[in-house]
Amino acid sequence: MHGVDILILIATVLALGSGAVTFLVVRPDFRPGRAVTISVGTGLVVGLGFFAIIYLVVGAFLAAVVTYLVVRRVTGVTAAAVAGAAVLLAAGLASAALLYASLTTM
């Protein structure tokens, strides 16, 4: 197996794993079709994000899941979905900026 094959394998496993976790988290709150759509979208973001910010995307995903669970308990499902998406985006961008800064100062 070559290096690129391993990266693609890791990204695929991360995409499938994050999609499955997302489905388990959002399934009680959404219809099956919408839950699958949210899970596939999250899996794609995490899988493709792996190529840009490597392992840091996992931390961004976990922060988004925790945010969704906390906000869902406090307010409601719609606010939780928006907050989770916002945290995934913000943490992903912050991770990319951190990685960029660390690589440019080497």
Side-chain angles (χ1 to χ4, degrees):
M1 226 181 214
H2 299 291
V4 175
D5 294 338
I6 293 172
L7 286 176
I8 292 172
L9 177 67
I10 292 170
T12 303
V13 169
L14 283 175
L16 292 174
S18 63
V21 169
T22 302
F23 183 78
L24 293 175
V25 169
V26 301
R27 175 61 191 104
D29 301 326
F30 294 100
R31 296 186 315 253
R34 184 158 302 202
V36 167
T37 303
I38 293 169
S39 301
V40 168
T42 303
L44 284 174
V45 167
V46 171
L48 294 175
F50 175 77
F51 292 111
I53 54 176
I54 312 172
Y55 61 89
L56 297 173
V57 73
V58 176
F61 170 71
L62 293 176
V65 170
V66 169
T67 301
Y68 177 81
L69 293 172
V70 169
V71 174
R72 179 182 71 181
R73 179 169 281 255
V74 174
T75 59
V77 176
T78 305
V82 170
V87 166
L88 181 60
L89 178 67
L93 290 175
S95 297
L98 179 68
L99 187 62
Y100 175 77
S102 67
L103 290 175
T104 56
T105 57
M106 288 180 97

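Linking ILVMFWY side-chain heavy atoms closer than 4.5 Å, directly or via other members, places L56 and V65 in a single hydrophobic cluster. With hydrophobic clusters built from ILVMFWY side chains whose heavy atoms lie under 4.5 angstrom apart, L69 shares a cluster with V77. Hydrophobic clustering, with ILVMFWY side chains joined whenever heavy atoms are under 4.5 angstrom apart, keeps F23 apart from L62. In the hydrophobic cluster analysis, where Ile, Leu, Val, Met, Phe, Trp and Tyr join through side-chain heavy atoms closer than 4.5 angstrom, L14 is grouped apart from L48. Under the 4.5 Å side-chain contact rule for hydrophobic residues, Y55 and V46 share a cluster.
For the residue pair A15 and G47, the shortest heavy atom distance occurs at CB-CA, 3.9 Å. Between L99 and I53, the shortest heavy-atom contact is CD2-CA, 3.9 Å. Of all non-hydrogen atoms in R27 and P32, the two that sit nearest each other are NH2-CG, 3.4 Å. The heavy-atom pair separating V26 from S39 by the smallest distance is CG2-OG, 4.4 Å. Residues A64 and G84 share a closest heavy-atom pair of CB-O, 3.3 Å. Taking each heavy atom of A91 and A60 in turn, the nearest pair found is CB-CB, 3.6 Å.
Partner of V87 under the side-chain contact (heavy atoms from CB on, under 4.5 Å) criterion, out of T67, V71, V82: T67 alone. Test I10, T12, I6 against I8 for side-chain contact (heavy atoms from CB on, under 4.5 Å) and you get one pass: T12.
Remark: T22 OG1 to F61 CZ distance equals 3.5 Å, nearest 0.5 Å. For the atom pair L88 CG and L93 CG, the distance stands at 9.5 Å (nearest 0.5 Å).
Among residue pairs with one or both ends in residues 70-96, those qualifying as salt bridge (Lys or Arg N to Asp or Glu O under 4.0 Å) are D29-R72; sequence neighbours excluded.
The 12-atom threshold is exceeded at CZ of F51, counting heavy atoms of other residues, nucleotides or ligands nearer than 6.0 Å.
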With side-chain contact (heavy atoms from CB on, under 4.5 Å) as the criterion, how do T37 and F30 come out once you've worked through the C-alpha distance, each side chain's angles and the decisive distance to 0.1 Å? CA-CA 10 Å; T37 303; F30 294 100; over 6 Å; no
